[in-house]
Amino acid sequence: MELSKNFEPSIVDGKWYDRWMAKDYFSSKPDGREPYTIVMPPPNVTGVLHMGHCLNNTIQDILVRRARMQGKNACWVPGTDHASIATEAKVVGMLRERGIAKSSLSRDEFLGYAWEWKEKYGGIILQQLKKIGCSLDWNRTSFTMDADYYKSVIDIFIKLHEDGIIYRGLRMVNWDPVSKTALSDEEVIFKDIDSKLYYVKYPLADTPSADGGFMMVATTRPETILGDVAICVNPTDERYKAWIGKEVIVPIINRRIPIIADEYVDAEFGTGALKITPAHDKNDNEIGRKHSLKTIDTLDENGKFTAIDLLAENPSELVLSYIGVDRFDLRKKIAEDIAALNLIEKIEDYKGQVGTSERTGAVIESRLSLQWFMDMKGFMKKNPEALSSVMNDEITFHPAKTKNTYKHWLENIKDWCISRQLWWGQRIPAWYDAKGNVYVATTAEEAVVKAAAQGIKLTIADLHQDEDVLDTWFSSWLWPIEVFKGVSNPNNKEINYYYPTTTLVTGQDIIFFWVARMIMAGYDLKNQLPFKDVYFTGMVRDKQGRKMSKQLGNSPDLLGLIEQYGADAVRFGIMIASPAGNDILFDESALEQGRNFNNKLWNALKLVKMWWKEGGAVALNNFSDDKIATHNVNGYSFIIPIHTKPFAIQWFENRLNESENQINQLLEHFKLSEALKVIYSLIWDDFCSWYLEWIKPKFGETISEELYAHTISFFERLLHILHPFMPFVTEEIYHLLQERVDDLCVKQNEAIAAPDASILQQGELLKQVISALRDARNKNQIKPKETIKLHIQTGEIANYKAIESILIKQVNAATITYTDITVSNTIVVAVETDKFFIESEKELDTTALKQELLKDLLHQQGFLESVLKKLGNERFVQNARPEVIELERKKQTDAEARIKTIEESLANI
RNA sequence: GGAUCGCUAGCUCAGUUGGUUUAGAGCACCACGUCGACAACGUGGGGGUCACUGGUUCGAACCCAGUGCGGUCCA
């Protein structure tokens, strides 16, 4: 078969994915093997594949494919998250485009549209994962709103309520006025903003004159002033000691409020006096509670002014005119109106921070609201393993530094607000009667029973269900358990086999949202960790280190890249530049490198196939082992091994064993990027640049059956090692190397022999000599086509006998001879303690040669000096470990020998 | 403001408990090369006071302290 010039992924990729699917390689069932389980972090059901997913899922695929080849029962579970707030926002947007307002729909109508949307767009992202080769068990595809899953979430809510962990309460929450829902602390992103600091005067009450003095307060939020209930100062602040207990007047509303003292106030900030607005600030609310102050709410759920709490005070026309004004306009308006009263001293520029909604970007309002919460401190008391298991590495975080972040969060954990004022999600199973009593139960029927148990007689008609749904993460935290039905059908065969899962791969950004909570759920519900290793990826950024965003337009079109470079090249590109836990600077040139690597493999295939002849595939065991024999060289008798195997085969066999051990070690430690680098260099440098060149026959000649069989077998081993990283190209070449029925995808690993250090060393010497001689040729402008005569002066002729034929070919020598003395009128090259004399037709440029040697001499002398200094230090000789001293002695003798060699060479010129 | 991580070649990063030839790789760069695998390539090459200042040690990129710069998380 004629092979194309380059590897063509677009033709190959889909073909193999279909075949793997047809053969059902990715589906897993419990059996006697050790399981290797990964649950995919479920992307938003309406999401599309981006670079972050690509990185994340490529890593998981590498781990899963490797486990599969190691003979483990690999199970990788796909699925999607209903992503309550994000999806609802999308559906609302879609409806708006169709001219439908959410407010005009009933809950059921809205959910109808939402499900329709989900069915239409829900699967897209999963289909895209097939394009990058993800070997997921598609039969297990799960969704966080599947019927069983939904019910499990509800059941867990009820259980935790019964445990006293979930409660309902009126608390300060983070309120998103755009999506009109409460958010958890984790969903609030703090951003730096430029704002103004307003210095407002609060006139002192009960003073005879209008100009009886005032309290000056600096605030960034004058729009909340009508909700002020006190002014607070630090009790140690000398400036204000006399004021404590007096009253001031709130501008515009003319409310009398007290001046109180609390340690919380920072005397350094602003004027040292803080206005207290318990309805609109978390800290103010704390102080308000501590000092039993009233709460006066002046902003509604849309972030617009409301006067409901003010009506009792008989507010002025001016106050009433604010009704319905948005908070940001209100800020300007109220500031102006206070200024008109001559009560603003000054306005300063101020750099502050505000919380914004992770989803809508809206500035968050702290708002007093009746919501459902989880008592996290109480929960942690019940499940202390959630922290200890991570700290003692039962659950190992990679990189380990993320442990600190985790610890800090858990030790300062706050209650989790789990209710959301949305419709898309699991509806809270709480039922209210007319008196406002609440019954937590799966159904209204059960709620009636619960009420009866409390002696309250109700019918279903008397109850209405809570309108709110649960935070998305309140369902995601069950993911590793419920994808195996561990909640809905406890102790089933699957959960007992696959759980705890093996490895979790996810972004650092959701360590609190998701990772921490899965660990908590694992211990609370299963009394077990949910996974043993957590591999955190960094964020994918662009070349300049900027976050990828729609606005910047710097997020590449992933599917376009796959089309252009091929899935393997994309996988390579993203993995080669991805140190564990660090952000990845994505650069398309890495994809080019991946594509070039594909071609390198492809061309190696073409070369090897050129050597194929009828009956070429010969079993390896047809060839006998090495033996030891005496050998005659130049009249001297040497004991040297007679290799029936050519040196190239021996060397590469050992090189493979060495590398494979190294790669396994790297992968055990999740150093995927480094492992790929080792594989890349093993294939490109050792296999292609050295091994294939060493065995390459002259044009028109063929290689021996032995060489051919070994080469095919080496190539297969390389493909095997590379397969988890680049599944398509490796499978394709595996099948092109020779006719076969099996697939690389499920080929099992074989035991790796220990490498023979002496052969590896000899290989290194050979490479070093070849490079040095080529360098010398290059520097002396000997053309590649011109042959040389090579004279070798060495104490170890045996070292060179086995590699002579390779050396001749690689440095284009006509002859090789061994010599005891310096050969005059030649280029001299020193490697280790051996000398090489290049005899050539070419006129020699002795000055350049001399300079080269002098430079080397200087280097060696400097080196020797540093070694001698060490050895001359008495304390070093006394204290250092013997093997370290031994090593330094060897360095010394080596350097001395080399200096001698160079000096002799210089004398010869 | 608190916590935390980092600073090694032009760029992105390795460097395992301090000693392994006076620091390694890939990309980029320079020179030469189009002999039957590969120019998306080959063969060579140049390039770093390991952020700075002190300390511990026979010995420091590595350990300790401080300074500077940058990132991330939390408030």
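Order of the sequence lines fixes the chain letters, A, B, ..., with proteins taken first and strands second; residue numbering starts at 1 for each chain.
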Quiz prompt | Listed partners of Lys377(A) passing side chain to side chain contact (heavy atoms under 4.5 Å, CB included), at least two apart | solution = Asp375(A), Ile413(A)
Quiz item: Dot-bracket for RNA chain B: what is it, with Watson-Crick or G-U pairs under 3.5 Å, [ ] where a pair crosses earlier ones, and | for a pair to another strand?
Solution: (((((((..((((.....[....)))).(((((.......))))).....(((((..]....)))))))))))).
Self-check item: Contacts of type salt bridge (Lys or Arg N to Asp or Glu O under 4.0 Å), residue Arg881(A), not counting sequence neighbours
Solution: Glu883(A)
Quiz item: Which of the following nucleotides, U22(B), C58(B), A40(B), is nearest to the side chain of Ser866(A)?
Solution: U22(B)
Quiz prompt | Test side chain to side chain contact (heavy atoms under 4.5 Å, CB included) applied to Ser366(A) - qualifying residues, sequence neighbours left out | solution = Met172(A), Lys282(A)
Exercise. Just jot down the salt bridge (Lys or Arg N to Asp or Glu O under 4.0 Å) partners of Glu668(A), sequence neighbours excluded, or say none.
Key: Arg66(A)
Exercise. State plainly whether the residues Lys677(A) and Glu674(A) are in salt-bridge range, i.e. N to O under 4.0 Å.
Key: no
Self-check item: Strand-adjacent residues in residues 686-695 of chain A, judged by heavy atoms under 4.0 Å from RNA chain B
Solution: Cys688(A), Ser689(A), Glu693(A)
Quiz item: What residue pairs, at least two apart or across chains, pass salt bridge (charged side-chain N to carboxylate O under 4.0 Å, His left out) with a residue in residues 764-777 of chain A?
Solution: Asp686(A)-Lys767(A), Glu764(A)-Lys767(A), Asp775(A)-Lys779(A)
Quiz item: Counting any heavy atom closer than 4.0 Å, what does Arg774(A) reach on the DNA or RNA strands: base, sugar-phosphate only, or nothing?
Solution: sugar-phosphate
Quiz prompt | side chain to side chain contact (heavy atoms under 4.5 Å, CB included) involving Asn778(A) - partner list, sequence neighbours excluded | solution = none
Exercise. Would you please name every residue forming a salt bridge (Lys or Arg N to Asp or Glu O under 4.0 Å) with Glu365(A), sequence neighbours left out?
Key: Arg221(A), Arg327(A)
Self-check item: Residues which pass side chain to side chain contact (heavy atoms under 4.5 Å, CB included) with Ser840(A), listed by chain and number, not counting sequence neighbours
Solution: Ile782(A), Ile788(A), Lys842(A)
Just distance, no hydrogens or angles: give the donor-acceptor pairs under 3.5 Å from side chains in residues 570-577 of chain A, sequence neighbours left out.
| residue | atom | partner | partner atom | Å |
| --- | --- | --- | --- | --- |
| Arg571(A) | NE | Phe725(A) | O | 2.9 |
| Arg571(A) | NH1 | Asp61(A) | OD2 | 2.8 |
| Arg571(A) | NH1 | Ile132(A) | O | 2.6 |
| Arg571(A) | NH2 | Asp61(A) | OD2 | 2.9 |
| Arg571(A) | NH2 | Pro724(A) | O | 2.9 |

Exercise. List the protein contact pattern of nucleotides 70-75 of chain B with one symbol per nucleotide (5' to 3'): B for base contact, S for sugar-phosphate-only contact, - for none; contact means a heavy-atom distance under 4.0 Å.
Key: --SSSB
Practice problem: For Ile788(A) and U43(B), give me the distance from atom CD1 to atom P, rounded to whole Å. | Solution: 17 Å
Quiz item: With respect to the side chain of Trp684(A), which nucleotide from A37(B), U21(B), C41(B) is positioned closest?
Solution: C41(B)
Exercise. Would you mind reading off the distance between Gln892(A) atom CD and G19(B) atom P, rounded to a whole angstrom?
Key: 21 Å
Practice problem: Let me know the distance between CG of Leu676(A) and C1' of C13(B), rounded to the nearest Å. | Solution: 14 Å
